[in-house]
Amino acid sequence: MYFEQETPRLFLRVLTPDSAPAVLEFYKRNASIFEKYEPIGGEAFYTTEHHKKVLEHEYQEILNLHMLRFWIFEKEHPDTIVGTVCFRNITPSSYASTLVGYKMDQRVWRKGYCYEALCCGIGLISREIGIHRFEALVLPENLPSIRLLEKLGFQREGILKNKVFLQGKWQDHYLYGLISQKV
């Protein structure tokens, strides 16, 4: 697997546990946004030790091809994380599918970075692992994310009732799917 990718404006990198301080800073900068859209648990989440453990676990999952998470860096600022794209539950063979996730630093919204990174990641996973189907979950009110998925060619396939426990309650999510064209 390729642990670093390059797009016209970005570097996409797999990180190791020694990058935990940079990951923690990324989450702290964007806490008010991210907490609306994903289950972030307790005060331990905002510690270097927590992110070191997560990066350690994810690195092993990447080596086993169960997932792939790229951290996104602008070429102009190659030491500051500005986002992440993740492909979880990679299931090769007959299912050939994965679940896509992403988040971007609010300072770089509307620059097309997430689109650029996802195009790169989807193309790589399609070609190198043979993934055929990509799925994404999104809150119905998250219009920027819906627009991004639709721009990428994802289609809304339905609604998953009470899918994720967020902000103290079970919330519905749209299910979007994309069939790879081996881009």
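Residue indices begin at 1 and follow the sequence shown.
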Any side-chain donor-acceptor pair under 3.5 Å between Glu150 and Tyr176? yes

Any luck finding a side-chain donor-acceptor pair between Thr7 and Tyr113 under 3.5 Å?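 Checked: Thr7/Tyr113 side chains show no N/O donor-acceptor pair below 3.5 Å.
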
Main-chain N/O of [Y] paired to [X] side chain as donor or acceptor, under 3.5 Å:
X      : Y      : value
Asn142 : Val138 : no
Gln167 : Lys36  : yes
Ser126 : Ser180 : no
Ser19  : Ala22  : no
Asn30  : Gln106 : yes

Could you tell me whether [X] and [Y] make a salt bridge, using a distance below 4.0 angstrom between a side-chain N and a carboxylate O?
X      : Y     : value
Arg88  : Glu61 : no
Glu74  : Arg9  : no
Asp105 : Arg29 : yes
Lys103 : Glu35 : no

Taking C-beta and beyond as the side chain, do [X] and [Y] meet within less than 4.5 Å on heavy atoms?
X      : Y      : answer
Leu99  : Leu137 : yes
Tyr27  : His51  : yes
Gln171 : Phe165 : no

Quick one: is the NZ or CZ of [X] closer than 6.0 Å to the six-membered ring centre of [Y], and within 45° of its axis?
X     : Y     : answer
Arg69 : Trp71 : yes
Arg13 : Phe73 : yes
Lys28 : Tyr46 : no

